[in-house]
Amino acid sequence: MAVPTYATPLERIWHYAYLVICGLIFFFLIAPIVVIIPLSFNAEPYFTFTDRMLSLDPEGYSLRWYRSLLTFGMQNPDATGWAFWSDAWQNANWVKAAKNSIIIGVFSTLLATVLGTLAALGLSRPEMPFRRAIMAILISPMIVPLIITATGMFFFYSNPCELLGIFGLPTNCGRLAGTYVGVILAHATLGIPFVIITVTATLVGFDQSLNRAAASLGANPRTTFFRVTMPLILPGVISGALFAFVTSFDEVVAVLFIAGPEQQTIPRQMWNGIREQISPAILAVATLLVIFSIALLTTVELLRRRSERIRGVTPR
């Protein structure tokens, strides 16, 4: 943004000083993230820049740590062709962790998006009683320390029907801890607050008279929702779903408490790698996650701009 021609010298000095301060803050925040990208190409098993890397020697850079993501845990790392990819898909630890993260993330996101959207629609109605109290309870997983939430989930999911004994009902209905269902439910619980907040923010500028107009034209509530309400709040719903997916994809505390050996996700695999076998392969995973996060943030920003255009907040 250019400085106005009528600005005083002091205002011009403050303008450029403000830009410098913002740049320094941005560098302070982004530097720890960016520095891992070149380190992931280190040819040596170190977490520091080697002399060859600093001198830009091509021999100081390698893709060995990216290849190790496919070969670590394989039965025959020297295989070629289809045998290599089949072995990596079935046995490589990082590949299995990625599959678990995607499966758990997708299903927990779907569950969180449906429940969070329904909750946001209900809380947006002025006649809803105890809206503030209900909102506080629904977003509590975002506020309460995660270690407390994970501990409570562990004891509850170990025997979810134990509380039913108070009403004289059977208490042995199986464990959810150590199962995919338990991990999906836990991640959905953590993702619902993000969906509620995002969809609620979208509904703030929603014109309720559109629903009344649809009803006056003979549309039933289901048709009104899918033909009128849903298209207008869709950017907020998708944004909330993306936040829920990122929350699930990045979650490690709840996984440590609830997941079993078969539900190893990428964050838990990174946790195990740091504790048991420190390898620069973690930097390669971190670099891929940074690229993935940038893609999601770009998508969220595009959806936000589209939502503003639809609501008429910004010009087309």
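Using a 4.5 Å heavy-atom threshold, the side chains of Leu123 and Leu138 count as touching. Between Leu190 and Leu146 there is a side-chain heavy-atom pair separated by less than 4.5 Å. Between Arg268 and Leu256, some side-chain heavy-atom pair lies under the 4.5 Å cut-off.
Across Ala241 and Val195, no two heavy atoms sit closer than the pair N-CG2, 4.3 Å. Closest approach of Asn93 and Gln269 over heavy atoms only: CB-NE2, 3.9 Å. In plain terms, the two heavy atoms of Ala92 and Leu69 that are nearest each other are CB-O, 4.2 Å. Annotation for Pro129 and Ile134: closest pair O-CD1, 3.6 Å, computed over non-hydrogen atoms. Across Ile33 and Ile36, no two heavy atoms sit closer than the pair O-CG1, 3.0 Å. Taking each heavy atom of Met142 and Pro193 in turn, the nearest pair found is CE-CB, 3.6 Å.
In the hydrophobic clustering, where aliphatic and aromatic side chains (Ile, Leu, Val, Met, Phe, Trp, Tyr) are joined below 4.5 Å either directly or transitively, Trp89 groups with Leu70, Met74, Phe84, Trp85, Val95.
With hydrophobic clusters built from ILVMFWY side chains whose heavy atoms lie under 4.5 angstrom apart, Phe27 does not share a cluster with Leu19. Using a 4.5 Å cut-off between side-chain heavy atoms of Ile, Leu, Val, Met, Phe, Trp and Tyr, with links allowed through other members, Ile25 and Phe28 fall into the same hydrophobic cluster. By the criterion of side-chain heavy atoms lying less than 4.5 angstrom apart, applied directly or through intervening Ile, Leu, Val, Met, Phe, Trp or Tyr residues, Phe26 is not grouped with Leu297; the two fall into different hydrophobic clusters. Val144 and Ile137 fall into different hydrophobic clusters, where Ile, Leu, Val, Met, Phe, Trp and Tyr residues are linked whenever their side-chain heavy atoms come under 4.5 Å apart, directly or through other members. Taken together through direct or relayed side-chain contacts under 4.5 Å among Ile, Leu, Val, Met, Phe, Trp and Tyr, Ile282 and Tyr46 form parts of separate hydrophobic clusters.
Listed by chain and residue number, nothing satisfies the side chain to side chain donor-acceptor pair (under 3.5 Å) test with Ser140 (two or more places apart in sequence, or in another chain). For the side chain to side chain donor-acceptor pair (under 3.5 Å) test, residues two or more places apart in sequence or in another chain that qualify with Glu301 are Arg304, Arg305. Residues passing the ring pair (Phe, Tyr, Trp, His ring centres under 6.0 Å) test with Phe154: none are found, sequence neighbours excluded. For Glu262, there are no salt bridge (Lys or Arg N to Asp or Glu O under 4.0 Å) partners two or more places apart in sequence or in a different chain.
For residues 64-73, the set of pairs meeting the side chain to side chain donor-acceptor pair (under 3.5 Å) definition, not counting sequence neighbours, comprises Ser40-Tyr66. Applying the ring-ring contact (aromatic ring centres under 6.0 Å, His included) test to every pair with at least one member in residues 179-202, sequence neighbours left out, gives no pairs at all. For residues 85-114, no residue pair satisfies the salt bridge (charged side-chain N to carboxylate O under 4.0 Å, His left out) rule, not counting sequence neighbours. The list of ring-ring contact (aromatic ring centres under 6.0 Å, His included) pairs with a residue in residues 113-132, not counting sequence neighbours, is empty.
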side-chain contact (heavy atoms from CB on, under 4.5 Å) between Thr179 and Val183, intermediate numbers included: CA-CA 7 Å; Thr179 63; Val183 179; over 6 Å; no
Ring pair (Phe, Tyr, Trp, His ring centres under 6.0 Å) between Phe257 and Tyr157, worked out: CA-CA 10 Å; Phe257 275 84; Tyr157 288 168; over 10 Å; no
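Atom CZ of Phe47 has more than 12 heavy atoms from other residues, nucleotides or ligands within 6.0 Å. A 6.0 Å sphere centred on CZ of Phe243 holds no more than 12 heavy atoms belonging to other residues, nucleotides or ligands. The neighbour count for Phe226 CZ, taken as heavy atoms of other residues, nucleotides or ligands under 6.0 Å away, does not exceed 12.
One N or O on the side chain of Ser293 and one on the backbone of Leu289 form a donor-acceptor pair closer than 3.5 Å. Glu251 places a side-chain N or O within 3.5 Å of a backbone atom of Ala254 that can act as its donor or acceptor partner.
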I'd like a table of donor-acceptor pairs (distance under 3.5 Å, sequence neighbours excluded) in which one partner is a side-chain atom from residues 48-57, with atom names and distances.
from, atom 1, to, atom 2, distance (Å)
Thr50, OG1, Met53, N, 3.3
Ser55, OG, Asp51, O, 3.0
Ser55, OG, Arg52, O, 3.1
Asp57, OD1, Glu59, N, 3.2

Cut-off 3.5 Å, no hydrogens considered: what does the side-chain donor-acceptor table look like for residues 227-239, sequence neighbours left out?
from, atom 1, to, atom 2, distance (Å)
Thr229, OG1, Asn211, OD1, 2.9
Ser239, OG, Pro235, O, 2.8

Report all side-chain donor-acceptor pairs from residues 101-121 shorter than 3.5 Å, counting only partners two or more places apart or in another chain.
from, atom 1, to, atom 2, distance (Å)
Ser101, OG, Ala97, O, 3.1
Ser101, OG, Ile266, N, 2.9
Ser108, OG, Ile104, O, 2.7
Ser108, OG, Gly105, O, 3.1
Ser108, OG, Ser248, OG, 3.3
Thr109, OG1, Gly105, O, 2.5
Thr109, OG1, Phe245, N, 3.4
Thr113, OG1, Thr109, O, 2.6
Thr117, OG1, Thr113, O, 2.6

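Atom-to-atom distance recorded for Trp271:CH2 and Thr265:OG1 is 12.5 Å, nearest 0.5 angstrom. With values rounded to the nearest 0.5 angstrom, Ile184 atom CD1 is found 9.5 Å from Gln263 atom CD. The CD1 atom of Ile13 lies 8.5 Å from the OG1 atom of Thr8; values are rounded to the nearest 0.5 Å. Between the CG atom in Asn272 and the CD atom in Gln264 there is a gap of 5.0 Å [rounded to 0.5 Å]. Here the CD-CG distance, from Gln75 to Asn91, works out to 4.5 Å after rounding to the nearest 0.5 Å.
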